[in-house]
Colleague: 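Input: one structure, supplied below.
Computed from heavy atoms alone, side chains included, the values below leave out hydrogens, waters and symmetry copies.
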Amino acid sequence: MTCGQFDSILADIYGSVPTELSEALQLLVESANAKPRDESLWDQNDVVCITYADQIRQPGLHPLEAFRRFFLDWELDQKLRCIHLLPFCPYTSDDGFSVVDYLAVDPESGDWDDIARLGQHFDLMFDLVANHTSVSHRWFQGFLADEEPFRNAYIDQDPTADLSAVVRPRSLPLLTPFETASGTKHVWTTFSADQVDLNYGDPATLLRMIETLVLYAQRGARIIRLDAIAFLWKKVGTSCIHLPQTHAIVRLMRAVLDAAVPGTIVLTETNVPHKENISYFGDGTDEAHMVYQFSLPPLLLDAIHSGDTTVLRDWMKSLRPPTNQTTFFNFTASHDGVGVRPLEGLVPRERLDHLVDVVRRHGGRVNMRSQSDGTESPYELNITYLDAVADRSTIEPAEHSRRFLATQAIMLSMQGVPAVYFHSLFGSPNDVAAADESGQNRRINRHKYERDELENALADAAGLQRRVFDGYCRLLELRRQQTAFHPIAAQQVLDLPGDGLLGFVREASDQRIVVLANLSDSAREVSCDQIPIATDYDLLADQSLASGDAISLRPFQVRWLVAVS
C-alpha cells in the first residue's frame, strides 16, 4: 500500500487529503516493520470460542490465567483454534463495551502477559470498540476540559437539529448533555449516556483509533472485530448508518493492517438485515475478510419453532462470498442476545411475534428499540441459545441436548468460520438472577463461573451441561478432520421439502460431505435421488449406510454423509 493509495481512501472520507494524517499513517506502517503471518487466512481447523476475559475465576489466579489453565486441563486446545476475548480493557459499563483505556488490560482480569501466555496455545481475536468510549476515558475528559488534542474528539450536536431519520439500536436518548469548560454540549451517545461517540470527522481521532488497531495486531490479534462499526459516521439528515464514509474508514483500516501486519483478519460486527450486513465485504478485497452471519441464529430458531425450514433453506441458497479472500463468521450465540433485525424481509411479522413468545415462555427477555415513528419493536432476544431451542422444564436432558446439538452441527458445517460461545459449549442455563439483579437483560447469557462451580456442573454425566459439552466436543473433533469444511469450500443447498428438512453439500478438491438435518419432531426420509453424490457412511453416527436405500433421520438428527467405499 503506497501513500497515494491511502490518500485515495482519505479523500473518500474527508473530501480532501489531510496531509498530517496521510504522513502519520505512512510512518505507522513503516515503523510496524511486520512480517506476513505464516499461515493462510483460514482452514477447517479454525473454530473460534467467544468468551469474556474474566469468564472463569479461581482463587490465587488472574481470571485470564484461570481460563488458560482450565481450557488446557480439559484439552480444549485440541478442539478450538482461536479465543475471542471480548473487550478486556478497563471499563465503566456494558460489560466491557464502554472502554476507559484501549491500551490497557483490566487488572480485574489480568495483564498483557496473561494474554500473551494464552496466545502461546491459541490464536487470538480482539475487539476494537470503534464507535464510542466511556465518559471516563481520558480523551473525553480532555474534551470536557476543552483541551487539545481532544477538543474535537467527540460530537457536539445542536439538539434542535432534525435527527428523526437516525437509526436507533436502543430505546435511549441519542444526545446527552454534558457540562464542559466552554458550556453545555449535547454529545452524541448512540448506545448509552456512558458511551460517547467518537468523532471520525476529526482526523486526529481516526489516527488514534488506527494506531490502536495496529497495536492490537502486534499484540497477537489474528482477528480483529470492529464493534458497532456501522454507526461510525454521523451526518444530520441521514440514517447515520452504513454511510459511504463509514465504508471508506473500514477500507482504510483494512489497508493499513494489510500493510502494517499482513495476514490480520478484519471482521465487521453489523447486527442489521442481511443485505446491509454483507455490504461490508466491499468488493471482496478491500473491506472485511469476514462478516457475522447474523441471520443464522434467529433463522435456526424460527425453523425449529415454526416447523418450516423453507426460509432458512432459501436464505442459505443466497449466500455467496464475493471472493476467496472473504467468508462468513457463523455463530448461533454470543455475549449479546439473538438479534432479530436480520429477520427483516425474510419472515412475516407473525413468525417473529411467535419467536418472541417462545423466548418469553422459555424464561428469556426481549430488548426493544425505538423506531422513527415513535413505536417500539423487538431488537434482541435475551436467552441462552440452549434455552431458546427448548424449554428445560418440559423436556428431558437427553432430548434437550439432542435438539440443541442439531443446531450446532448445522452451524459448524456451513461455509465459513464457526464461532462457539462459551455458554453454548458448556450448556449454561439462563442466569435469570443476574438479569434481575442488574436490570440488564443481556446478563441472562453472561454468567461468570468459579472453576469449581463449572466442574461440579460437568461432573454429572447424565446432566444437561455435560451432555452438551461432550456432544459439542465430539462435533468439534470430527469437524476439524474434514477438508470439505474448509471455510471457502463450495456449498450447494439441496431442494428438500421445507417441512423440517435441510440439506447441503460441502465440497473441497479431495472430499465431499452431504449434510442432512431434520429439524422437526417427526421422523423423515430423504431418497437417494435427492442427493447429487453417492454416500455410504455417516460420520456423526459412525455408521455405514446401505447403498441405494433411503436415508432416515430421527427427529432433530443431523447426518454428515461421505463416501468411503
Colleague: State, with a plain yes or no, whether a side-chain heavy atom of Asp387 is found less than 4.5 Å away from one of Arg392.
Modeller: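 Result yes, sub-4.5 Å side-chain heavy-atom pair found.
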
Colleague: Applying salt bridge (Lys or Arg N to Asp or Glu O under 4.0 Å) to Arg57 and Asp452, what does each step give before you reach the verdict?
Modeller: CA-CA 9 Å; Arg57 305 167 195 265; Asp452 287 348; over 6 Å; no

Colleague: Below 30° counts as parallel, above 60° as perpendicular, anything between as tilted: where do the rings of Tyr292 and Phe329 land?
Modeller: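 Taking Phe329 first and then Tyr292, their aromatic rings stand perpendicular (interplane angle over 60°).
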
Colleague: Would you say the side chains of Gln482 and Gln511 form a donor-acceptor pair under 3.5 Å?
Modeller: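 Gln511 and Gln482 do have a side-chain donor-acceptor pair below 3.5 Å.
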
Colleague: Taking the side chain as every heavy atom from C-beta outward, state whether Ile56 and Glu450 have any pair of such atoms under 4.5 Å apart.
Modeller: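 The answer is no; the side chains never approach within 4.5 Å.
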
Colleague: Test salt bridge (Lys or Arg N to Asp or Glu O under 4.0 Å) on Asp436 and Arg365 and set out the steps.
Modeller: CA-CA 10 Å; Asp436 287 343; Arg365 311 293 172 80; 2.8 Å; yes

Colleague: What verdict does the side-chain contact (heavy atoms from CB on, under 4.5 Å) test give for Val99 and Tyr102, after you've listed the backbone C-alpha separation in whole Å, the side-chain angles of each residue and the deciding distance to 0.1 Å?
Modeller: CA-CA 6 Å; Val99 175; Tyr102 286 108; 3.8 Å; yes

Colleague: Could you verify whether a donor N or O on one side chain and an acceptor N or O on the other, from Tyr379 and Arg170, lie under 3.5 Å apart?
Modeller: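 No donor-acceptor contact under 3.5 Å links the two side chains.
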
Colleague: Would you please test Arg480 and Gln78 for side chain to side chain donor-acceptor pair (under 3.5 Å) and show each step?
Modeller: CA-CA 10 Å; Arg480 295 184 69 172; Gln78 305 302 309; over 6 Å; no

Colleague: Checking Gln415 side chain against Ala489 main chain: does a donor-acceptor pair fall under 3.5 Å?
Modeller: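 Indeed, once roles are kept as given, a pair shorter than 3.5 Å links the two residues.
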
Colleague: Keeping Thr309 on the side-chain end and Gly500 on the backbone end, is there a donor-acceptor pair under 3.5 Å?
Modeller: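 Yes; judged by distance alone, with no hydrogens or angles, the pair exists.
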
Colleague: Taking the six-membered ring for Trp, are the ring centroids of Tyr52 and Phe422 within less than 6.0 Å of each other?
Modeller: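 No - the distance between ring centres of Tyr52 and Phe422 does not fall below the 6.0 Å cut-off.
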
Colleague: Start with the C-alpha distance between Trp74 and Phe469, add both sets of side-chain angles, then the distance that settles ring-ring contact (aromatic ring centres under 6.0 Å, His included), and finish with yes or no.
Modeller: CA-CA 11 Å; Trp74 285 76; Phe469 177 71; 5.6 Å; yes

Colleague: Evaluate Leu198 against His132 for side-chain contact (heavy atoms from CB on, under 4.5 Å), listing each step before the verdict.
Modeller: CA-CA 5 Å; Leu198 289 160; His132 48 261; 5.7 Å; no

Colleague: Between Gln195 and Asp94, is there a side-chain donor-acceptor contact under 3.5 Å, judged purely by atom types and distance?
Modeller: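 Yes.
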
Colleague: Hey, does the side chain of Arg117 reach the backbone of Glu65 with a donor-acceptor pair shorter than 3.5 angstrom?
Modeller: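 Here the side-chain-to-backbone pair does not exist.
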
Colleague: Is a salt bridge present between Glu399 and Arg402, judged by a nitrogen-to-oxygen distance below 4.0 Å?
Modeller: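 Looking at Glu399 and Arg402, the cut-off is met.
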
Colleague: Could you tell me whether the side chain of Glu269 reaches within less than 4.5 Å of the side chain of Phe294, counting heavy atoms only?
Modeller: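 Yes. Closest side-chain heavy atoms under 4.5 Å.
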
Colleague: With distance as the sole test, does Tyr421 use its side chain to make a donor-acceptor pair with the main-chain N or O of Asn445 at under 3.5 Å?
Modeller: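 A pair under 3.5 Å: yes.
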
Colleague: Is there a side-chain contact between Thr212 and Leu128, using heavy atoms and a 4.5 Å cut-off?
Modeller: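 Contact flag for Thr212/Leu128 side chains = yes.
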
Colleague: Show your reasoning for whether ring-ring contact (aromatic ring centres under 6.0 Å, His included) applies to Phe97 and His335.
Modeller: CA-CA 11 Å; Phe97 286 88; His335 61 292; 5.1 Å; yes

Colleague: Working to the nearest 0.5 angstrom, can you tell me the gap between Met125 CE and Leu85 CG?
Modeller: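 Reported to 0.5 Å precision, the distance equals 10.0 Å.
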
Colleague: For the backbone of Ala116 and the side chain of Arg219, can you confirm whether one donor and one acceptor N or O come within less than 3.5 Å of each other?
Modeller: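 The answer is no, because no donor-acceptor pair under 3.5 Å joins these two groups.
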
Colleague: Side chains of Thr190 and Asp197: any donor to acceptor distance under 3.5 Å?
Modeller: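 The criterion, which ignores hydrogens and geometry beyond distance, is satisfied for Thr190 and Asp197.
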
Colleague: Donor-acceptor pair, Gln141 side chain versus Val135 backbone, under 3.5 Å?
Modeller: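 Yes.
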
Colleague: State, yes or no, whether a side-chain contact exists between Asp114 and Arg68 at a heavy-atom distance under 4.5 Å.
Modeller: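 A side-chain contact is absent here, since even the closest heavy-atom pair is not under 4.5 Å.
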
Colleague: Given side-chain contact (heavy atoms from CB on, under 4.5 Å), test His121 with Phe71 step by step and report yes or no.
Modeller: CA-CA 10 Å; His121 306 279; Phe71 264 47; over 6 Å; no

Colleague: Tell me which one of Arg466, Arg474, Arg467 satisfies salt bridge (charged side-chain N to carboxylate O under 4.0 Å, His left out) with Asp470.
Modeller: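 Among Arg466, Arg474, Arg467, the one meeting salt bridge (charged side-chain N to carboxylate O under 4.0 Å, His left out) with Asp470 is Arg466.
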
Colleague: What verdict does the side chain to side chain donor-acceptor pair (under 3.5 Å) test give for Glu380 and Asn382, after you've listed the backbone C-alpha separation in whole Å, the side-chain angles of each residue and the deciding distance to 0.1 Å?
Modeller: CA-CA 6 Å; Glu380 182 180 82; Asn382 302 110; 3.0 Å; yes

Colleague: Does any N or O in the side chain of Trp560 come within less than 3.5 Å of the main-chain N or O of Leu478, such that one atom is a donor and the other an acceptor?
Modeller: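 Between the backbone of Leu478 and the side chain of Trp560 there is no qualifying donor-acceptor contact (under 3.5 Å).
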
Colleague: How many angstroms lie between atom CZ of Phe331 and atom CG of Leu412, to the nearest 0.5 angstrom?
Modeller: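 Reported value, rounded in 0.5 Å steps: 13.5 Å.
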
Colleague: Does any donor atom in the side chain of Gln408 or Tyr472 lie under 3.5 Å from an acceptor atom in the other side chain?
Modeller: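 Short answer, yes.
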
Colleague: If we ignore angles and hydrogens, is there a donor and acceptor under 3.5 Å between the side chains of Asp46 and Gln44?
Modeller: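 Their side chains do not contain a donor-acceptor pair, so the 3.5 Å distance test is not met.
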
Colleague: With respect to Met290, which candidate in Leu41, Ile265, Asn330 satisfies the side chain to side chain contact (heavy atoms under 4.5 Å, CB included) definition?
Modeller: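 The single option meeting the side chain to side chain contact (heavy atoms under 4.5 Å, CB included) with Met290 is Ile265.
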
Colleague: Taking C-beta and beyond as the side chain, do Asn367 and Arg442 meet within less than 4.5 Å on heavy atoms?
Modeller: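 Result yes, sub-4.5 Å side-chain heavy-atom pair found.
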
Colleague: Is it the case that atom CD in Glu396 sees more than 12 heavy atoms from other parts of the structure closer than 6.0 Å?
Modeller: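 Not more than 12 within 6.0 Å, no.
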
Colleague: Please check if the side chain of His486 supplies one atom and the backbone of Ile488 the other of a donor-acceptor pair under 3.5 Å.
Modeller: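 Judged by distance alone, yes, a pair lies under 3.5 Å.
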
Colleague: Compute whether any side-chain donor of one residue and acceptor of the other, for Gln440 and Arg446, lie under 3.5 angstrom apart.
Modeller: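 No - no donor-acceptor pair under 3.5 Å links their side chains.
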
Colleague: Is a side-chain donor-acceptor pair under 3.5 Å present for Ser109 with Asp54?
Modeller: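 Ser109 and Asp54 do not have a side-chain donor-acceptor pair below 3.5 Å.
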
Colleague: Going from OG1 on Thr327 to CH2 on Trp42, what distance comes out if it is rounded to the nearest 0.5 angstrom?
Modeller: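 One gets 5.5 Å once the value is rounded to the nearest 0.5 Å.
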
Colleague: Quiz question: by atom type and distance under 3.5 Å, do the side chains of His447 and Glu453 form a donor-acceptor pair?
Modeller: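 Per modelled atom types, His447 and Glu453 side chains form a pair under 3.5 Å.
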
Colleague: Parallel, tilted or perpendicular: which fits the ring planes of Trp112 and Tyr216, with parallel below 30° and perpendicular above 60°?
Modeller: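 Tilted, since the angle between the ring planes falls between 30° and 60°.
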
Colleague: What do the steps show when you test Ser192 against Asp194 for side chain to side chain donor-acceptor pair (under 3.5 Å), and what is the final call?
Modeller: CA-CA 5 Å; Ser192 80; Asp194 185 45; 5.4 Å; no

Colleague: Can you tell if the side chain of Leu464 reaches within under 4.5 Å of the side chain of Phe404, non-hydrogen atoms only?
Modeller: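 When only atoms from C-beta onward are counted, Phe404 and Leu464 do not touch, as no gap falls below 4.5 Å.
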
Colleague: Hey, what's the ring geometry for Phe126 with Phe88, parallel, tilted or perpendicular (30° and 60° as the breaks)?
Modeller: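 Judged by the thresholds at 30° and 60°, the geometry between Phe126 and Phe88 is perpendicular.
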
Colleague: Quick one about Ser134 and Ser98 (side-chain donor to acceptor, distance below 3.5 Å, no hydrogens or angles considered), yes or no?
Modeller: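 There is no such pair between these side chains.
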
Colleague: Indicate yes or no: at least one non-hydrogen side-chain atom of Lys79 is less than 4.5 angstrom from one of Arg479.
Modeller: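 Sidechains of Arg479 and Lys79: no contact.
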
Colleague: Check the pair Leu539, Ile513 against side-chain contact (heavy atoms from CB on, under 4.5 Å), reporting the backbone distance first and the verdict last.
Modeller: CA-CA 9 Å; Leu539 294 167; Ile513 295 179; 4.2 Å; yes

Colleague: Can any side-chain N or O of Ser428 pair as donor or acceptor with the backbone N or O of Ser424 at less than 3.5 Å?
Modeller: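 It does not hold such a pair.
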
Colleague: Just checking, is any N or O donor in the side chain of Asp391 or Ser393 under 3.5 Å from an acceptor N or O on the other one?
Modeller: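 Side-chain D/A pair, Asp391 to Ser393: present.
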
Colleague: Using modelled atom types only, decide if a donor and an acceptor are shared between the side chain of Thr483 and the backbone of Ala508 within a distance under 3.5 Å.
Modeller: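 No, Thr483 side chain to Ala508 backbone: no donor-acceptor pair under 3.5 Å.
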
Colleague: Under a 4.0 Å threshold between the charged nitrogen and the carboxylate oxygen, would Asp353 count as salt-bridged to Arg351?
Modeller: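 Result for this pair is no, no salt bridge flagged.
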
Colleague: Is the closest side-chain donor-acceptor distance between Asp336 and Ser334 under 3.5 Å?
Modeller: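 No, because no side-chain N or O of Asp336 sits under 3.5 Å from a partner of the opposite role on Ser334.
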
